[in-house]
Asker: 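First the structure, then my questions, so here it is.
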Amino acid sequence: MKYLLGLCAFIFLFSCDSQKMNSKYSVIEYEATPCFGFCPVFKMTINADRTAVFEAEHFNFSDRPSKDEFSKPREGTFKGTIKQEDYNKLISMLDRLDVKNLNDNYGEKNVTDLPSSHLRVKFADGTSKHVEDYGKHGSEKLSELYQFFEGLRKNQQWTKVN
């Protein structure tokens, strides 16, 4: 019985390591910048092992934001582990986007009150990609990805560390 449990534990640990090693994305980072309104301002960094850091600046937690929040200190730094199902969905969305072939810049900067998004991806092969999207309307698939990241702020378990 001991040997069987040991073998099962070994297979389980090996399968977790192989999944991490086979991921084509080593780090996925999303940053949302301010606008002249109440746009959430945050940066989220997700590693291949699903560990994540969520740096919340303003307008991330209140359902009724106000201008008073600008004078408050930043909301904090949080850590957590992205749920497996959500991580799988994120990877699927990135795969469908063909991140390496996206434009580096989207959006017209003639309007001065729109938020920007920054998608930064480090690949397991050592390459990286940074996509800046002023106005967050680069493409329908990119907009879906931004909404997904915005949802992760509220549907994951975050622990405040700072």
Asker: Please name all residues satisfying side chain to side chain donor-acceptor pair (under 3.5 Å) with Tyr106, sequence neighbours left out, ordered by chain then number.
Answerer: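 None.
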
Asker: Taking the side chain as every heavy atom from C-beta outward, state whether Cys35 and Phe59 have any pair of such atoms under 4.5 Å apart.
Answerer: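 The answer is no; the side chains never approach within 4.5 Å.
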
Asker: With rounding to the nearest 0.5 Å, note down the distance linking CZ in Phe148 to CG in Leu142.
Answerer: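 Taking CZ in Phe148 and CG in Leu142, the distance rounds to 14.5 Å.
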
Asker: Search all heavy atoms of Trp158 against all heavy atoms of Ile82 and return the closest pair with its distance.
Answerer: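 That would be CH2-CD1, 4.0 Å.
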
Asker: Given Asn105 and Tyr134, is the side-chain contact (heavy atoms from CB on, under 4.5 Å) satisfied, shown in steps?
Answerer: CA-CA 8 Å; Asn105 292 290; Tyr134 181 73; over 6 Å; no

Asker: Taking all atoms of both residues into account, what is the closest heavy-atom pair of Val121 and Tyr25, and its distance?
Answerer: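 So the minimum-distance heavy-atom pair works out to CG1-CD2, 3.5 Å.
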
Asker: Would you say that Phe78 contacts Thr159 through its side chain, given a criterion of any heavy-atom pair below 4.5 Å between the two side chains?
Answerer: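 No; the side chains remain at least 4.5 Å from each other.
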
Asker: Could you state whether Phe149 and Val41 fall into the same hydrophobic cluster, counting links through intermediate Ile, Leu, Val, Met, Phe, Trp or Tyr residues with side-chain heavy atoms under 4.5 angstrom apart?
Answerer: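 No; Val41 is not reachable from Phe149 via cluster members.
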
Asker: Over all heavy atoms of both residues, which pair between Arg74 and Asn162 is shortest? Give the atoms and the distance, please.
Answerer: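 Nearest pair, atom of Arg74 first, then Asn162: NH1-O, 4.4 Å.
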
Asker: Any salt bridge between Lys24 and Asp95, counting N to O under 4.0 Å?
Answerer: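 Yes, Lys24 and Asp95 are salt-bridged.
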
Asker: Which is it for Asp86 and Leu152 under the side-chain contact (heavy atoms from CB on, under 4.5 Å) test, yes or no, and what are the steps along the way?
Answerer: CA-CA 8 Å; Asp86 291 327; Leu152 290 176; 4.1 Å; yes

Asker: When rounded to the nearest 0.5 angstrom, what distance separates CG in Asn47 from CD1 in Ile28?
Answerer: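 Here the rounded value is 9.0 Å.
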
Asker: Quick check: do Leu145 and Leu90 have side-chain heavy atoms less than 4.5 Å from each other?
Answerer: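 Contact flag for Leu145/Leu90 side chains = yes.
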
Asker: Can you check whether Phe42 and Tyr30 have ring centres sitting under 6.0 Å from each other?
Answerer: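 That pair passes the under 6.0 Å test.
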
Asker: For Asp98, is there an ion pair with Lys129 - N to carboxylate O distance below 4.0 angstrom?
Answerer: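 Salt bridge between Lys129 and Asp98, a charged N being under 4.0 Å from a carboxylate O: no.
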
Asker: Report yes if some heavy atom in the side chain of Asn60 is under 4.5 Å from a heavy atom in the side chain of Phe54; otherwise report no.
Answerer: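 Asn60 vs Phe54: side chains touch.
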
Asker: Tell me whether the count of non-hydrogen atoms from other residues, nucleotides or ligands lying under 6.0 Å of NZ in Lys89 goes above 12.
Answerer: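 Open: at most 12 neighbouring heavy atoms sit under 6.0 Å from NZ of Lys89.
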
Asker: Taking the side chain as every heavy atom from C-beta outward, state whether Glu75 and Glu57 have any pair of such atoms under 4.5 Å apart.
Answerer: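 A side-chain contact under 4.5 Å is absent here.
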
Asker: Between Glu150 and Lys136 (salt bridge meaning N to carboxylate O under 4.0 Å), is one present in this structure?
Answerer: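 Yes, charged N to carboxylate O under 4.0 Å.
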
Asker: Compare every heavy atom of Cys39 with every heavy atom of Thr33, then report the nearest pair and how far apart it is.
Answerer: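 Nearest pair, atom of Thr33 first, then Cys39: O-CB, 4.4 Å.
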
Asker: Is a side-chain donor or acceptor of Thr77 paired with a backbone partner of Glu55 at a separation under 3.5 angstrom?
Answerer: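 Absent.
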
Asker: Are Glu29 and Ile46 side-chain neighbours, meaning at least one heavy-atom pair lies under 4.5 Å?
Answerer: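 The answer is no, as the side chains (C-beta and beyond) never meet within the 4.5 Å cut-off.
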
Asker: Taking side-chain hydrogen bond (donor to acceptor under 3.5 Å, both in side chains) as the criterion, tell me which of Lys43, Arg120, His118 meets it with Glu31.
Answerer: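 Only one of Lys43, Arg120, His118 forms a side-chain hydrogen bond (donor to acceptor under 3.5 Å, both in side chains) with Glu31, namely Arg120.
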
Asker: Considering non-hydrogen atoms only, spot the tightest contact between Pro73 and His58 and give its length.
Answerer: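 Looking at all heavy atoms of both residues, the closest pair is O-CE1, 4.1 Å.
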
Asker: Do Lys100 and Thr127 have side chains that get closer than 4.5 Å, going by heavy atoms?
Answerer: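 Yes - at least one pair of side-chain heavy atoms lies under 4.5 Å apart.
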
Asker: Check step by step if side-chain contact (heavy atoms from CB on, under 4.5 Å) holds for Ser23 and Tyr87.
Answerer: CA-CA 11 Å; Ser23 176; Tyr87 183 77; 3.7 Å; yes

Asker: Side chains of Asp133 and Asn103, heavy atoms from C-beta outward: is any pair under 4.5 Å?
Answerer: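 The answer is no, as the side chains (C-beta and beyond) never meet within the 4.5 Å cut-off.
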
Asker: One pair to check against side chain to side chain donor-acceptor pair (under 3.5 Å): Ser117 and Tyr146. What are the steps and the verdict?
Answerer: CA-CA 8 Å; Ser117 66; Tyr146 306 152; 3.3 Å; yes

Asker: Any idea which heavy atoms bring Ala56 and Phe61 closest together, and the distance?
Answerer: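 Taking Ala56 first and Phe61 second, the nearest heavy atoms are CB-CE1, 4.0 Å.
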
Asker: For Lys83, is the NZ atom crowded, meaning more than 12 foreign heavy atoms sit under 6.0 Å from it?
Answerer: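 Above 12, so yes.
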
